[in-house]
Amino acid sequence: MTTPPPDDPRPVEPERPLPTDCCDGGCAVCVFDSYAEDMDHYRERLAQWQARHPGPDRGPDAPDQSTPKSK
């Protein structure tokens, strides 16, 4: 079994934009579109990281899960 490198931190979930961050101007690329793309990229990186770091921190109570945080 291979040990992951110590300098391989868990990916950090992008911060969800606030409703007021959108100008409602019909922008070609809205902040929510950018956030959705960032979340897709985050989920890919997280899955790759989890494959390198199997263990107990992969459960639903682990930090930085790919589900949106409710406020």
Side-chain angles (χ1 to χ4, degrees):
M1 182 170 172
T2 352
T3 304
D7 61 343
D8 187 19
R10 182 185 185 105
V12 177
E13 184 175 345
E15 187 174 335
R16 182 180 183 87
L18 298 172
T20 56
D21 290 340
C22 175
C23 69
D24 288 322
C27 301
V29 180
C30 177
V31 293
F32 292 110
D33 296 333
S34 295
Y35 172 71
E37 289 178 13
D38 291 347
M39 281 301 296
D40 288 343
H41 187 230
Y42 164 74
R43 287 183 190 105
E44 290 172 10
R45 290 181 297 131
L46 180 61
Q48 293 167 356
W49 183 89
Q50 287 174 329
R52 293 189 305 272
H53 297 267
D57 67 340
R58 293 182 59 182
D61 295 328
D64 300 317
Q65 291 294 316
S66 61
T67 55
K69 296 174 184 164
S70 57
K71 294 190 181 204

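- With sequence neighbours excluded, the residues satisfying salt bridge (Lys or Arg N to Asp or Glu O under 4.0 Å) with Asp40 are Arg43.
- Residues Tyr35 and Pro14 come closest through the heavy atom pair CE1-O, 3.7 Å.
- Atom-to-atom distance recorded for Glu13:CD and Met39:CE is 4.0 Å, nearest 0.5 angstrom.
- The salt bridge (charged side-chain N to carboxylate O under 4.0 Å, His left out) analysis of residues 21-39, with sequence neighbours excluded, yields no pairs.
- Phe32 forms part of a hydrophobic cluster together with Val31, judged by ILVMFWY side-chain heavy-atom separations under 4.5 Å.
- In plain terms, the two heavy atoms of Arg45 and Val12 that are nearest each other are NH2-O, 4.2 Å.
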